[in-house]
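Reminder, nothing fancy here: chain letters follow the sequence lines and each chain counts from 1.
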Protein chains: 2
Amino acid sequence: MNLQQLRYAAEVGRRGLNVSEAASALHTSQPGVSKQLRALEEELGAEIFVRQGRRLTAVTEAGREILAGIGRILAEIANLRVVGEEHANQARGNLVLAVTHTQARYALPKVVTAFKRRFPEVHLKILQGSPHDLAKAVVDGEADIAIATEALAGYGELVSVPAYQWHHGVVVPAGHALEREKPLTLEAIARYPIVTYDASYTGRSAIDRSFARRGLEPEIALTALDSDVIKSYAGLGLGVGIISAMAYDAQKDRALALLPADHLFPVQTTRVAFRRGARLRGFAAEFIGMFVPHLTREAVGRLARGGGDDFVI
Amino acid sequence: MNLQQLRYAAEVGRRGLNVSEAASALHTSQPGVSKQLRALEEELGAEIFVRQGRRLTAVTEAGREILAGIGRILAEIANLRVVGEEHANQARGNLVLAVTHTQARYALPKVVTAFKRRFPEVHLKILQGSPHDLAKAVVDGEADIAIATEALAGYGELVSVPAYQWHHGVVVPAGHALEREKPLTLEAIARYPIVTYDASYTGRSAIDRSFARRGLEPEIALTALDSDVIKSYAGLGLGVGIISAMAYDAQKDRALALLPADHLFPVQTTRVAFRRGARLRGFAAEFIGMFVPHLTREAVGRLARGGGDDFVI
DNA sequence: GACGCTTACGTTCGTCGTAACTATT
DNA sequence: AATAGTTACGACGAACGTAAGCGTC
């Protein structure tokens, strides 16, 4: 058995049992991967994949367990490298953040600025995507830290902690009839077409639930992945915008009015997540500490080693 | 990086930083181990061992973390093999028990018999040693399950569960003066020399504490590792024996009298332990289930995956 | 001088990539 | 016919063991 075989098996598992694709992703030949897979199965005395003719069609019972173990092994290998990097230079390295657009645009700038001042030699990379993409990126080791309001708490492979809370707000063109609606109600909003986040982004599920609970079925005129796009179309009069209140800037968004909606939609909790068992770089733990009030770098380490359970709000 | 390098580093760490000894234990050449160690350190970018001249004298800060990670990796590799073995034949394999003499002689026979009837193809091996030896054997992967009354709960690398409780008893030659002492007291016992277990065996620490708490300092005439030896010498009149009550057999030990001492010494709890995170063979979990009442095979699996904490009585 | 790690070197084994082959869609 | 995986084979490289070298105790 060798590490290469484990990497190959893991990649094949991740790539939907497609050996050729895995080989190409690993920058090696397909026959090589195929052969090493067989050798691994041979040595373990258990088939990992079910073969129909010459194709891999499923993962066996034992295979599931084996792939899970391989995942843990490769994660620990990655941790070893992290220890080495940390040792080489505590203040230099790469930090990959996987965040939603709203976070990148409105929540991160302040922390990122402070972080960069403190760790000028750390190269920051910000990946964007849907909350599920972000979670997957962290699970697969492509990103170190994910920040999002949705989905993160649902992954057992991740440790997630609540970072801060916020509310949705309603944005309309200045002078819109809704501005005179006091107090603002869901019923009043539902009379207009809605422009808001795409499904599974930035608290969208909470918005839908709030309307549904009152028996309302507002027309969703347009959905987008980011608050800026939604603001633009709300400004064009395509509909009433529902965005994260922190995405409204009284200065820059003078053409729009923000109507507070704290009483209409539930409070949202943005969470920070990283891989369970991951050996985070010191500055990565520090970043989390800077982003989440009252969470020390040491506490982050403890969470990673996994008291096992999520920090519950 | 490859697995061989990790095995080498782990072995050197375990063998007190002696490369030659590690090489010989691994059935390979010393220069090979030395070179691979350097290669690993080189690749990780961190020294694992401190060198003074040509000798390894200590483990570095980073090295401690790295060796810990390597330990987890090698344990997971072992788990992969276990999955393979399980797949090959659920009812065949090896089960290594590490137990103290008292357990082997008086607690195990019934369970072992039942186990063998149920899994005739499983080869059972019973290792003996001091509780600390047993714990070490399991931590190092030399044994699957340890059973002892002392020490086990003190190892973070082990998951331990209470199996059953018992009391010490006093054995004296039939007709001994102590037989007429009713109720039996520690003071009365302390008037005679004592024959009992060696330090750190089978509840010896509790015996010492009981006397000490009453300000008594009995003369320990002789200590031994096993109950049978103690019984022999107590029978010869060398002193009053204090052994596990279950080690007294009214039939076979007719020359001795057992004086109950439940009220003199605290109740003892024998524990069963296995490596945290270990993927036990099905029959191993089953064995634990047979030994520990009310513990199902599934519960054992859950414990291994580590809700993290010991089962508390 | 004995022990213990490192350096040097030649052999061997394993891994990789190319090419040809076979089976499935 | 195209896609996907296996078998075959030759080349390269890495790891191993032996032998010699260098520092320590």
Rounded to the nearest 0.5 Å, what's the gap from [atom1] on [X] to [atom2] on [Y]? Could you check?
X	Y	atom1	atom2	answer
His87(A)	Ile66(B)	NE2	CD1	8.0 Å
Lys35(A)	Glu42(A)	NZ	CD	12.0 Å
Glu157(B)	Lys136(B)	CD	NZ	11.0 Å

Applying a 4.0 Å non-hydrogen cut-off, can you work out what [X] is touching in the nucleic acid: base, sugar-phosphate, or nothing?
X	answer
Leu17(A)	sugar-phosphate
Gly53(A)	sugar-phosphate
Gln30(B)	base
Gln4(B)	sugar-phosphate
Ser29(B)	base
Tyr8(A)	sugar-phosphate

Between [atom2] on [N] and [atom1] on [X], what's the gap in Å once rounded to a whole number?
X	N	atom1	atom2	answer
Phe49(B)	dG4(C)	CZ	P	16 Å
Leu56(B)	dC25(D)	CG	P	13 Å
Glu43(A)	dG14(C)	CD	P	12 Å
Leu40(B)	dA14(D)	CG	C1'	16 Å
Leu3(B)	dT15(C)	CG	P	11 Å
Arg7(B)	dC16(D)	CZ	C1'	15 Å
Met1(A)	dT15(C)	CE	C1'	17 Å
Asn2(A)	dA15(D)	CG	P	11 Å

Problem - Under the side chain to side chain contact (heavy atoms under 4.5 Å, CB included) test, residues paired with Glu21(A) that sit two or more places apart - result: Arg15(A), Asn18(A)

Exercise for the section: Output yes when at least one side-chain N/O atom of Ser20(A) is less than 4.0 Å from OP1 or OP2 of dG5(D), else no. Expected result: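 It does, given that an N or O in the side chain of Ser20(A) lies less than 4.0 Å from OP1 or OP2 of dG5(D).
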
Problem - Residue whose nearest DNA chain C nucleotide is more 5′ - His27(A) or Lys35(B) - result: Lys35(B)

Practice task
Starting from the 5' end of DNA chain C, give me the residue, Glu21(B) or Gln5(A), whose nearest nucleotide shows up first.
Solution key: Glu21(B)

Handout entry: Min side-chain heavy-atom separation Glu86(A)-Val83(A) under 4.5 Å
Key =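 Side-chain contact under 4.5 Å: no.
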
Between [options], which nucleotide gets closest to the side-chain atoms of [X]?
X	options	result
Gln36(A)	dC16(C), dG17(C), dC5(C)	dC16(C)
Pro31(B)	dT18(D), dG5(D), dT15(C)	dT18(D)
Arg54(B)	dG23(D), dT7(D), dC16(D)	dG23(D)

Exercise for the section: Between Arg51(A) and Gln52(B), name the one whose nearest nucleotide on DNA chain D is closer to the 5' end. Expected result: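 Nearest-nucleotide comparison on DNA chain D picks Arg51(A).
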
Exercise for the section: Look at atom NZ of Lys125(B) and say whether more than 12 heavy atoms of other residues, nucleotides or ligands are closer to it than 6.0 Å. Expected result: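 Atom NZ in Lys125(B) is not packed in, count stays at 12 or less.
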
Exercise for the section: Answer yes or no: side-chain N or O of Arg38(B) and base N or O of dT7(C) forming a donor-acceptor pair under 3.5 Å. Expected result: no

